[in-house]
Amino acid sequence: MFRIIFFILQAVFFFFFVLWLVRHPGMIDIDWLDYHLEMPIALFLGAAFLVFLTSLFLFKILRSIWLIPGKFRDRYNLYDRKKAHVNLMAAISAYENENLERAYKLLNPALQNLETKPIATFFASLIAQKQGKVSEVQMYLTELTRLSGGESLGYQRL
(Lines give C-alpha, C1' and ligand atoms only; values in the text may rest on other atoms or scores of the structure.)
Protein backbone atom coordinates (compact mmCIF):
# COMPACT_ATOMS: atom_id res chain seq x y z
CA MET A 1 0.00 0.00 0.00
CA PHE A 2 2.86 2.35 0.87
CA ARG A 3 4.52 1.70 -2.50
CA ILE A 4 1.31 2.51 -4.38
CA ILE A 5 0.88 5.80 -2.52
CA PHE A 6 4.57 6.64 -3.06
CA PHE A 7 4.27 5.88 -6.79
CA ILE A 8 1.15 8.05 -7.10
CA LEU A 9 2.92 10.92 -5.30
CA GLN A 10 5.88 10.60 -7.66
CA ALA A 11 3.60 10.63 -10.70
CA VAL A 12 1.76 13.73 -9.44
CA PHE A 13 5.06 15.48 -8.72
CA PHE A 14 6.38 14.59 -12.18
CA PHE A 15 3.16 15.83 -13.82
CA PHE A 16 3.34 19.20 -12.05
CA PHE A 17 7.05 19.49 -12.82
CA VAL A 18 6.46 18.92 -16.55
CA LEU A 19 3.54 21.36 -16.45
CA TRP A 20 5.79 23.97 -14.83
CA LEU A 21 8.48 23.41 -17.47
CA VAL A 22 5.92 23.92 -20.25
CA ARG A 23 4.68 27.18 -18.72
CA HIS A 24 8.16 28.48 -17.89
CA PRO A 25 10.44 27.61 -20.80
CA GLY A 26 14.06 28.40 -20.36
CA MET A 27 17.40 27.78 -21.96
CA ILE A 28 20.66 26.44 -20.63
CA ASP A 29 23.80 28.04 -21.96
CA ILE A 30 27.05 26.17 -21.31
CA ASP A 31 30.50 27.57 -22.25
CA TRP A 32 33.34 25.19 -21.53
CA LEU A 33 36.81 25.00 -23.13
CA ASP A 34 35.80 27.02 -26.20
CA TYR A 35 32.70 24.87 -26.71
CA HIS A 36 29.27 26.45 -26.63
CA LEU A 37 26.10 24.48 -25.92
CA GLU A 38 22.63 25.97 -25.81
CA MET A 39 19.53 23.88 -25.21
CA PRO A 40 16.11 24.06 -23.55
CA ILE A 41 15.90 23.05 -19.88
CA ALA A 42 13.38 20.29 -20.64
CA LEU A 43 15.73 18.71 -23.19
CA PHE A 44 18.65 18.95 -20.76
CA LEU A 45 16.66 17.30 -17.95
CA GLY A 46 15.41 14.58 -20.32
CA ALA A 47 18.97 13.87 -21.47
CA ALA A 48 20.20 13.79 -17.86
CA PHE A 49 17.41 11.37 -16.94
CA LEU A 50 18.28 9.18 -19.93
CA VAL A 51 21.95 9.13 -18.91
CA PHE A 52 20.89 8.21 -15.36
CA LEU A 53 18.71 5.31 -16.56
CA THR A 54 21.45 4.06 -18.89
CA SER A 55 24.06 4.14 -16.14
CA LEU A 56 21.66 2.35 -13.76
CA PHE A 57 21.06 -0.35 -16.38
CA LEU A 58 24.80 -0.77 -17.03
CA PHE A 59 25.47 -0.93 -13.29
CA LYS A 60 22.95 -3.76 -12.88
CA ILE A 61 24.49 -5.67 -15.79
CA LEU A 62 28.04 -5.25 -14.46
CA ARG A 63 26.93 -6.21 -10.95
CA SER A 64 25.29 -9.40 -12.20
CA ILE A 65 28.44 -10.27 -14.16
CA TRP A 66 30.54 -9.55 -11.06
CA LEU A 67 28.38 -11.91 -8.94
CA ILE A 68 28.59 -14.89 -11.33
CA PRO A 69 31.70 -16.47 -9.68
CA GLY A 70 30.04 -16.25 -6.26
CA LYS A 71 26.95 -18.01 -7.58
CA PHE A 72 29.08 -20.81 -9.00
CA ARG A 73 30.93 -21.08 -5.67
CA ASP A 74 27.66 -21.20 -3.74
CA ARG A 75 26.34 -23.90 -6.07
CA TYR A 76 29.53 -25.93 -5.62
CA ASN A 77 29.38 -25.53 -1.81
CA LEU A 78 25.74 -26.62 -1.85
CA TYR A 79 26.74 -29.71 -3.82
CA ASP A 80 29.53 -30.47 -1.32
CA ARG A 81 27.21 -30.02 1.67
CA LYS A 82 24.59 -32.27 0.13
CA LYS A 83 27.19 -34.91 -0.68
CA ALA A 84 28.54 -34.75 2.89
CA HIS A 85 25.06 -35.14 4.40
CA VAL A 86 24.15 -38.04 2.10
CA ASN A 87 27.43 -39.81 2.86
CA LEU A 88 26.96 -39.26 6.60
CA MET A 89 23.52 -40.88 6.44
CA ALA A 90 24.91 -43.76 4.35
CA ALA A 91 27.75 -44.21 6.86
CA ILE A 92 25.27 -44.38 9.74
CA SER A 93 23.28 -46.98 7.83
CA ALA A 94 26.41 -49.04 7.13
CA TYR A 95 27.40 -48.76 10.82
CA GLU A 96 24.01 -50.08 11.89
CA ASN A 97 24.44 -53.01 9.49
CA GLU A 98 27.84 -53.83 11.08
CA ASN A 99 29.73 -52.94 7.87
CA LEU A 100 32.41 -50.84 9.61
CA GLU A 101 34.88 -50.61 6.71
CA ARG A 102 32.23 -49.26 4.34
CA ALA A 103 30.95 -46.89 7.04
CA TYR A 104 34.44 -45.45 7.53
CA LYS A 105 34.96 -45.12 3.77
CA LEU A 106 31.63 -43.31 3.36
CA LEU A 107 32.49 -40.98 6.23
CA ASN A 108 35.44 -39.28 4.47
CA PRO A 109 33.42 -36.57 2.59
CA ALA A 110 31.59 -35.73 5.83
CA LEU A 111 34.94 -35.35 7.62
CA GLN A 112 36.06 -32.82 4.96
CA ASN A 113 32.97 -30.61 5.24
CA LEU A 114 33.01 -28.01 8.04
CA GLU A 115 29.28 -28.32 8.67
CA THR A 116 29.26 -32.09 9.23
CA LYS A 117 32.77 -32.44 10.64
CA PRO A 118 31.87 -32.48 14.38
CA ILE A 119 29.27 -35.25 14.05
CA ALA A 120 31.37 -37.15 11.51
CA THR A 121 34.39 -36.99 13.84
CA PHE A 122 32.36 -38.33 16.74
CA PHE A 123 30.94 -41.03 14.50
CA ALA A 124 34.47 -41.94 13.29
CA SER A 125 35.50 -42.35 16.93
CA LEU A 126 32.56 -44.74 17.45
CA ILE A 127 33.64 -46.78 14.42
CA ALA A 128 37.24 -46.89 15.67
CA GLN A 129 36.04 -47.89 19.15
CA LYS A 130 33.96 -50.73 17.71
CA GLN A 131 37.01 -51.88 15.74
CA GLY A 132 39.14 -51.78 18.90
CA LYS A 133 41.54 -49.05 17.71
CA VAL A 134 42.13 -47.09 20.93
CA SER A 135 44.72 -44.67 19.50
CA GLU A 136 42.35 -43.62 16.70
CA VAL A 137 39.55 -43.13 19.23
CA GLN A 138 41.77 -40.79 21.26
CA MET A 139 42.86 -38.96 18.10
CA TYR A 140 39.27 -38.35 16.96
CA LEU A 141 38.08 -37.30 20.40
CA THR A 142 41.02 -34.90 20.75
CA GLU A 143 40.20 -33.45 17.34
CA LEU A 144 36.56 -33.17 18.38
CA THR A 145 37.45 -31.02 21.38
CA ARG A 146 39.31 -28.60 19.11
CA LEU A 147 36.33 -28.05 16.81
CA SER A 148 33.89 -25.29 17.59
CA GLY A 149 31.05 -27.65 16.76
CA GLY A 150 32.51 -30.22 19.16
CA GLU A 151 32.33 -27.72 22.00
CA SER A 152 28.71 -27.00 21.15
CA LEU A 153 28.00 -30.72 21.28
CA GLY A 154 29.42 -30.81 24.81
CA TYR A 155 32.73 -32.58 24.11
CA GLN A 156 35.11 -30.12 25.73
CA ARG A 157 37.51 -32.11 27.89
CA LEU A 158 37.42 -35.72 26.71
Side-chain angles (χ1 to χ4, degrees), residues 1-96 102-126 140-158:
M1 183 68 178
F2 179 73
R3 286 184 179 183
I4 294 171
I5 293 172
F6 186 67
F7 177 74
I8 291 171
L9 287 175
Q10 283 179 338
V12 168
F13 175 75
F14 182 72
F15 173 75
F16 283 117
F17 182 69
V18 169
L19 189 65
W20 183 82
L21 280 177
V22 168
R23 289 186 181 169
H24 300 88
M27 298 293 281
I28 291 182
D29 189 22
I30 299 174
D31 260 339
W32 183 60
L33 296 177
D34 295 332
Y35 291 104
H36 185 73
L37 181 64
E38 187 174 329
M39 67 173 51
I41 291 176
L43 182 64
F44 175 75
L45 291 176
F49 185 67
L50 187 64
V51 166
F52 173 72
L53 288 180
T54 305
S55 63
L56 188 67
F57 177 70
L58 289 175
F59 174 74
K60 285 189 176 196
I61 288 175
L62 291 175
R63 184 174 181 264
S64 64
I65 290 171
W66 181 265
L67 293 177
I68 286 174
K71 290 181 181 183
F72 280 128
R73 183 186 65 242
D74 292 344
R75 177 66 70 174
Y76 180 74
N77 289 342
L78 179 67
Y79 172 76
D80 275 355
R81 276 192 3 228
K82 184 177 178 183
K83 182 179 176 185
H85 283 279
V86 167
N87 278 15
L88 183 62
M89 293 298 141
I92 290 171
S93 177
Y95 178 79
E96 289 175 352
R102 185 168 188 275
Y104 188 74
K105 192 182 298 182
L106 287 170
L107 204 58
N108 281 333
L111 286 170
Q112 303 303 320
N113 190 321
L114 292 176
E115 187 176 315
T116 58
K117 191 170 185 171
I119 297 195
T121 304
F122 177 70
F123 195 65
S125 71
L126 288 178
Y140 283 124
L141 291 178
T142 303
E143 183 179 345
L144 187 60
T145 59
R146 293 185 189 135
L147 297 174
S148 61
E151 291 174 2
S152 67
L153 288 172
Y155 303 110
Q156 293 174 344
R157 295 184 190 104
L158 297 175

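In this structure, the side chains of F72 and I68 come closer than 4.5 Å at one or more pairs of heavy atoms. Between N87 and L107 there is no side-chain heavy-atom pair separated by less than 4.5 Å. Contact annotation: the side chain of L126 approaches that of F123 to within less than 4.5 Å [non-hydrogen atoms, C-beta and beyond].
Between Y76 and Y79, the two ring planes are tilted [angle within 30° to 60°].
Summarising the geometry, atom CD belonging to Q10 is positioned 12.5 Å from atom CD1 belonging to I5; distances are rounded to the nearest 0.5 Å. Expressed to the nearest 0.5 Å, how far CG of L58 lies from CG of L53 amounts to 11.0 Å. With values rounded to the nearest 0.5 angstrom, L62 atom CG is found 10.0 Å from F57 atom CZ. Of the inter-residue distances, the one linking W66 atom CH2 with F59 atom CZ reads 11.5 Å to the nearest 0.5 angstrom. Atoms CG and NZ, on L111 and K117 in that order, are 7.5 Å from each other to the nearest 0.5 Å. Rounded to the nearest 0.5 Å, atoms CD1 (I92) and CD1 (I119) are 8.0 Å apart.
A donor-acceptor pair is defined here as one N or O able to donate and one able to accept, closer than 3.5 Å; no such pair exists between the side chain of S93 and the backbone of M89.
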Side chain to side chain contact (heavy atoms under 4.5 Å, CB included) assessment of L45 paired with F49: CA-CA 6 Å; L45 291 176; F49 185 67; over 6 Å; no
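The two residues R102 and A94 have their closest heavy-atom pair at NH1-CB, 4.1 Å. Between L88 and A110 the shortest heavy-atom distance is CB-CB, 4.1 Å. Closest non-hydrogen pair, L141 versus S125, comes out as CD2-OG, 3.8 Å. Between L37 and M39 the shortest heavy-atom distance is CD2-CE, 3.9 Å. Taking each heavy atom of A84 and T116 in turn, the nearest pair found is CB-OG1, 3.7 Å.
With E115 as the partner, the salt bridge (charged side-chain N to carboxylate O under 4.0 Å, His left out) test is satisfied by one option alone out of K82, R81, K83: R81.
Q112 pairs by the side chain to side chain donor-acceptor pair (under 3.5 Å) definition with nothing, not counting sequence neighbours.
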